[in-house]
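So you know, we letter chains A, B, ... as the sequences are listed, proteins then strands, and number each from 1.
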2 protein chains.
Amino acid sequence: MTEAQKLLKDFPDIFHILTNHMDAKKMRKTSERYYILNEIYKLNTHFDVDTLFKNLSDTSYRISRATIYNNLELFLECGLIVKHHFGQNLSLYEKSFGYKQHDHFICNQCQSIIEFCDPRLHQIKKSLEEILNVTVDSHSLYLYGKCSNEKCQKGIPQRKIK
Amino acid sequence: MTEAQKLLKDFPDIFHILTNHMDAKKMRKTSERYYILNEIYKLNTHFDVDTLFKNLSDTSYRISRATIYNNLELFLECGLIVKHHFGQNLSLYEKSFGYKQHDHFICNQCQSIIEFCDPRLHQIKKSLEEILNVTVDSHSLYLYGKCSNEKCQKGIPQRKIK
DNA sequence: GTAACTGCAAACACTTTGCAAAGGA
DNA sequence: TCCTTTGCAAAGTGTTTGCAGTTAC
């Protein structure tokens, strides 16, 4: 087991999902892949590519943006992360293994994000599969509005993320 | 009433919503605004900025992309259109007045879009407002999967929109 | 007349691509 | 060794901005 692979020792399930996927697809187990995934799973927030790039730059590894983009694609395939578009033209990602499936409420005023889960969504998916004769693999649900923050309820002007 | 304004004679409600909004905000009633909105309401599909630009270029009006972007923002404010991010880094818009609120199923294989409506979503919104003490103004729900097309169910590789 | 609006082109920000070099298998 | 993957820089793509010229009011 290489140095990079050892980094994931705190996340054995993740390690195996990634490794098995690469075996199955006859892909190379490069250290970059483990470094990037480790960095993602250390985070507890939604993140964009640039943030990830900067976090990795702060370590002793120098990993290019191109490599990050390539491997996010790989992690998406494995279901280890999910990709979001929270309204802006910016992709945000989030680790997704071992975390309860959830959706997002986004405050239009302060851009804060609240996660929630509602079983009725699963029912909607089931109904749709029957009615339209389709297969539903995944979904994204975003609710937009004003959060409970007093200033937001009063309608203080919106600011952009970043 | 100008030539441009007359174009919207088939959509009197739309005309008034836009005109009232501009009056209220002391904005100018430029012909471009009516031309663009007319073009949008003639469409019965989701559209991107480039398509709209090309459609407008085919008429005798030459309207720049910058102006289109500016005014889509205005129409969004009025609630005359809605903006979607169907997974790709491309914004798609859709006229929204007088059309039943609906959501979208997107086929990962052939990229076809099916619209649907489920009342349970409204219940989810209501619950969330109570539980989180927030105000929900709008939402977006996308379900992804494979449509009933035989080829899609077999998993023919995905192609990009456009 | 004058401030809001438009058109153009340049700038921007995020993402993808091409290719030489590196390094798993 | 072979061929996938990486890093870099350049190109691409959708969107925004700056500014001079235009036009609604």
Side-chain angles (χ1 to χ4, degrees), chain A residues 1-5 18-19 21-37 46-54 56-57 59-77 83-93 159-162, chain B residues 1-5 18-19 21-37 39 46-54 56-57 59-77 83-93 158-162:
Chain A
M1 185 174 275
T2 68
E3 275 309 305
Q5 292 175 12
L18 178 61
T19 304
H21 185 91
M22 291 190 294
D23 279 339
K25 292 244 184 168
K26 304 213 191 316
M27 300 173 80
R28 292 186 179 168
K29 300 175 195 66
T30 65
S31 53
E32 286 81 0
R33 290 176 169 156
Y34 292 101
Y35 286 138
I36 298 171
L37 192 58
H46 306 94
F47 60 92
D48 59 23
V49 171
D50 209 55
T51 305
L52 191 56
F53 175 74
K54 282 177 184 140
L56 284 163
S57 298
T59 69
S60 46
Y61 325 115
R62 188 104 327 169
I63 295 178
S64 74
R65 283 191 171 77
T67 301
I68 292 176
Y69 279 107
N70 281 338
N71 287 314
L72 287 178
E73 206 59 41
L74 166 64
F75 302 153
L76 280 171
E77 273 175 30
K83 186 174 182 177
H84 297 292
H85 295 269
F86 291 119
Q88 262 75 16
N89 282 312
L90 172 71
S91 298
L92 288 181
Y93 298 83
R159 65 175 168 76
K160 277 203 176 180
I161 290 173
K162 290 186 70 169
Chain B
M1 186 174 274
T2 67
E3 275 310 305
Q5 291 174 14
L18 178 61
T19 304
H21 186 91
M22 291 190 293
D23 279 340
K25 291 244 184 167
K26 304 216 190 315
M27 301 172 83
R28 291 187 181 169
K29 299 172 194 69
T30 64
S31 53
E32 285 81 0
R33 289 175 169 157
Y34 292 101
Y35 286 138
I36 298 171
L37 193 57
E39 204 60 35
H46 305 95
F47 60 92
D48 59 22
V49 170
D50 209 55
T51 304
L52 190 56
F53 175 74
K54 281 176 185 141
L56 283 163
S57 299
T59 69
S60 46
Y61 324 117
R62 188 103 331 169
I63 295 179
S64 73
R65 283 192 171 76
T67 300
I68 292 176
Y69 278 107
N70 281 339
N71 288 314
L72 287 179
E73 205 60 42
L74 167 63
F75 303 152
L76 279 171
E77 274 175 31
K83 186 175 182 176
H84 297 291
H85 295 269
F86 291 120
Q88 262 74 16
N89 283 312
L90 171 71
S91 298
L92 288 182
Y93 298 82
Q158 183 173 347
R159 65 174 169 78
K160 277 202 172 180
I161 290 174
K162 289 182 71 170

Grab the CG-C1' distance between B:L72 and C:dT6 for me, whole Å please. 15 Å
Which residue lies more 5' along DNA chain D, comparing B:R65 with A:I68 via nearest heavy atoms: A:I68
Taking only side-chain nitrogens and oxygens of B:Y69, does any of them come within less than 4.0 Å of OP1 or OP2 of D:dT16? no
Sugar-phosphate only, base, or nothing, as touched by B:D23 at under 4.0 Å among non-hydrogen atoms: nothing
Expressed in angstrom and rounded to an integer, what is the separation of B:R62 atom CZ from C:dA9 atom P? 13 Å
Please state how far atom NZ in B:K25 lies from atom C1' in C:dA3, giving the value in whole angstrom units. 17 Å
Are B:L56 and B:R62 side-chain neighbours, meaning at least one heavy-atom pair lies under 4.5 Å? no
For the side chain of A:S64, counting heavy atoms from C-beta on, which of C:dT6, C:dA9, D:dG7 is nearest? D:dG7
Between OH of B:Y93 and P of D:dG14 the distance, given in whole Å, is 12 Å
Side-chain touch A:Y34/A:K29, heavy atoms, less than 4.5 angstrom: yes
Measure from CG on B:L74 to C1' on D:dT16 and round the result to the nearest Å. 17 Å
Rounded to whole angstrom units, what separation is found between the CZ atom of A:F75 and the P atom of D:dT5? 12 Å
Could you state the CG-C1' distance from B:L52 to D:dG14, rounded to the nearest angstrom? 14 Å
Does a donor on one side chain sit under 3.5 Å from an acceptor on the other, for A:S91 and A:Y69? no
Could you check whether any side-chain heavy atom of A:L52 comes within less than 4.5 Å of a side-chain heavy atom of A:L72, counting everything from C-beta outward? yes
Taking atom P of C:dG24 as reference, at what distance in whole Å does atom CD of A:E3 sit? 13 Å
Mind checking whether A:H21 and A:E77 have side chains closer than 4.5 Å, heavy atoms only? yes
Could you please name the option among C:dC14, D:dT6, D:dC8 that lies closest to any side-chain atom of A:N71? D:dT6
Do A:T67 and A:Y35 pass the side chain to side chain donor-acceptor pair (under 3.5 Å) test, and can you show the C-alpha distance, the side-chain angles, and the key distance before you say yes or no? CA-CA 11 Å; A:T67 301; A:Y35 286 138; over 6 Å; no
In numerical order, the residues of residues 27-34 of chain B whose heavy atoms come under 4.0 Å of DNA chain D are B:R28, B:K29
Kindly say if A:S91 contacts the phosphate of C:dC14, meaning a side-chain N or O under 4.0 Å from OP1 or OP2. no
B:H84 and B:H46, any side-chain heavy atoms less than 4.5 Å apart: yes
With the side chain of A:I63 defined as its heavy atoms from C-beta on, choose the nearest nucleotide among C:dG7, D:dG7, C:dT15. D:dG7
